[in-house]
Amino acid sequence: MTTIGIEDYGFATGSRRFELADLAEHEGIDANKYLVGIGQEAFSVPTFDEDIVTLAASAATTMIDRLSPDARDSIRTLIVATESGIDQSKAAAIYVHELLELGPHVRAFEIKQACYGGTAALATAQGIVARHPDERVLIVATDIARYDPDSSGEATQGGAAVALLISASPRILAFDKAQGLSTEDAMDFWRPNYRTTARVDGRLSIQVYIRQVLSAWDDYSGHGGRPFTDLHTLCYHQPFTKMASKAHLKLARHLESGQTPSDLDAQLAPTFRYNRIVGNSYTASMYVGFLGLIEHADDLAGRALGFVSYGSGAMCEVFSGEVLPTYLKTRHTEATTAMLDARQPVDFATYRELYYGYPNPTDGSAFETPHDTSLPFRLAGIDHDERRYATSA
Ligand code: HMG
């Protein structure tokens with residue numbers, strides 16, 4: 001059977017950083033509600049010339065540049081997963097394909113199911129590589145999470161993109177065959193077409209998340225999955241890091257795993273490093289957690305990792321894989337650290353202006369964006385409902 005896994009990756013996030021302590025100050029509440037209660041410290045804020053397309057292309061470009069010409073030509077599928085799409089019809093993948101200058105003979109499309117979309121792309125990619133082991137599939141999970149100002153969701157915003165190269169010559173992680181699935185119709189979080197921000201029932205969303213995780217885990221076990229305690233670390237979808245802790249505790253109790261609180265924490269906490277300061281990046285969030293893990297843990301070779309991918313509405317998939325010894329030479333910790341550290345801090349007023357005043361003309365009028373991003377690609381403007389993208393150089 002062909003081994004299929006992650007060969008390389010890329011990561012991008014918004015160029016500005018907003019501290020949740022400043023949101024707490026605006027609200028006149030104790031900042032520990034955010035720092036401790038939901039386990040979040042800050043979130044990334046996109047500039048006016050950043051959107052899900054520029055984040056996606058920026059995440060993928062350095063990785064593409066690292067490939068040999070043959071390996072580059074072997075990318076015949078590009079899947080962009082997002083739930084904050086910029087068009088109801090044309091796929092964000094077409095814009096990303098153009099910016100990355102991939103050849104014409106590529107299948108490029110967008111995929112959606114709330115935060116689960118990145119994992120839907122991954123499952124699709126594995127099917128394509130199983131049928132064509134000489135091909136590579138580029139998947140990019142990219143999102144900017146937006147809730148109404150002064151709503152309880154405001155603290156759980158953020159944005160990022162993670163690009164993954166899926167192939168039959170993995171260097172970072174080899175996927176197991178077992179996959180656990182669970183779907184139910186729930187109105188916990190959704191975004192009707194006319195809205196730019198999500199509708200959410202926060203309490204219900206937490207309950208559905210946990211219910212779906214237990215159901216998907218049982219299905220994973222029933223399909224030959226690894227025992228819970230064999231998993232060195234689990235990467236959960238992280239709308240906020242405390243959500244992963246809550247679900248992990250419930251899952252351990254459900255399985256009567258007998259682990260101590262510190263065992264459970266050790267299985268999880270290393271995945272929080274980036275999410276705590278990037279915020280919810282919807283489809284990308286679980287993969288941001290994975291990068292935070294592999295870029296900072298040196299003892300993962302041969303270890304089994306679990307993945308718990310939840311998307312509201314609701315769908316959950318549990319899967320697993322084994323870390324390959326070559327991950328130590330393939331990770332890009334310095335580049336990620338430099339990108340995260342380069343984010344400029346913004347005050348409350350600037351954050352609000354960037355987050356809610358971004359260009360979104362609804363009458364075909366023209367809008368030129370100031371050049372503010374520090375990412376390789378930018379949204380130069382919008383004119384007659386057409387988005388114009390450019391390189392930042
Ligand atoms: P809230 O209702 O304002 O917060 O919003 P709260 O009152 O429940 O407090 C949060 C926690 O902080 C509580 O802990 C408090 O006790 C604690 P808990 O009881 O839950 O363990 N707390 C404090 N701790 C220390 N010191 C203090 C303090 N004060 C309070 N001083 C909520 C919370 C998550 C509901 C809100 O942020 C929200 O609606 N977020 C958006 C929805 C969401 O993220 N849901 C998660 C599951 S659904 C999901 O993951 C899918 C999603 O990513 C979308 C998709 O799939 O596309 C959202």
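None of these values were measured; they are calculated from a predicted model. These values consider heavy atoms only, across backbone and side chains, with no hydrogens, waters or symmetry-generated copies. In listed order, ligands and their atoms are each counted from 1.
Of the listed options K33, K242, E27, K246, K246 places a heavy atom closest to atom 18 (P) of ligand 1. Nearest to atom 57 (O) of ligand 1 by heavy atom, out of E83, K112, Q157, is E83. Nearest residue to atom 26 (N) of ligand 1 from V208, N32, T156 is N32 (criterion: closest heavy atom). Selection from V36, D30, V200 by nearest heavy atom to atom 42 (C) of ligand 1 gives V200.
Near G153, with a cut-off below 4.0 Å to any heavy atom, the atoms of ligand 1 are 38 (C), 40 (N). Atom numbering of ligand 1 starts at 1 in the shown order; those under 4.0 Å from a heavy atom of A114 are 55 (C), 56 (O), 57 (O). Below 4.0 Å from some heavy atom of H237 lie the following atoms of ligand 1, by number and element: 49 (C), 50 (O), 51 (C), 52 (C), 53 (O).
Atom 49 (C) of ligand 1 lies below 4.0 Å from at least one non-hydrogen atom of the protein. Counting only heavy atoms, the protein never gets under 4.0 Å from atom 13 (C) of ligand 1. Note that atom 16 (O) of ligand 1 has no protein non-hydrogen atoms nearby, at separations under 4.0 angstrom.
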Dump the intermediate steps for side-chain contact (heavy atoms from CB on, under 4.5 Å) on Y236 and M243, then the final yes or no. CA-CA 9 Å; Y236 282 76; M243 183 68 245; over 6 Å; no
Determine whether Y9 and H332 satisfy the following criterion, ring pair (Phe, Tyr, Trp, His ring centres under 6.0 Å), listing intermediate values before the conclusion. CA-CA 9 Å; Y9 68 87; H332 316 294; 4.8 Å; yes
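Salt-bridge formation is detected for the pair E184/R211: a Lys NZ or Arg NE/NH1/NH2 atom is positioned less than 4.0 Å from an Asp or Glu carboxylate oxygen. By the 4.0 Å N-to-carboxylate-O rule, E41 lies close enough to R17 to be salt-bridged with it. Salt-bridge check for R378 with D372: failed, with every basic side-chain N at 4.0 Å or more from each acidic carboxylate O. Under 4.0 Å is where a charged nitrogen must lie from a carboxylate oxygen, and between R331 and D298 at least one such pair does.
When non-hydrogen atoms are compared, ligand 1 lies under 4.0 Å from neither the backbone nor the side chain of Y116.
Between H26 and F348, the ring planes are parallel. Angles under 30° get that label, and only those over 60° would be called perpendicular. Ring pair Y351/F18 is parallel by interplanar angle, where below 30° counts as parallel and above 60° as perpendicular.
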Hey, can you pull the donor-acceptor pairs under 3.5 Å for the side chains in residues 71-84, sequence neighbours left out?
residue, atom, partner, partner atom, Å
R72, NH2, L100, O, 3.1
R72, NH2, E101, O, 3.0
S74, OG, A71, O, 2.6
S74, OG, R136, NH1, 2.9
R76, NE, E135, OE2, 3.1
T77, OG1, R107, NH1, 2.7
T82, OG1, S84, N, 3.1
T82, OG1, T142, O, 2.7
T82, OG1, D143, OD1, 2.9
E83, OE2, C115, N, 3.0
S84, OG, D143, OD1, 2.4
S84, OG, I144, N, 3.1

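In terms of polar-atom proximity, defined here as any N/O pair under 3.5 Å, N280 does make such a contact with ligand 1. On a distance-only criterion, S205 and ligand 1 share at least one N/O pair closer than 3.5 Å. Note: an N/O pair closer than 3.5 Å links R203 and ligand 1 by distance alone. Taking only nitrogen or oxygen atoms, main chain and side chain alike, C115 reaches within less than 3.5 Å of ligand 1.
Using modelled atom types, one side-chain atom of Y327 and one backbone atom of L300 make a donor-acceptor pair closer than 3.5 Å.
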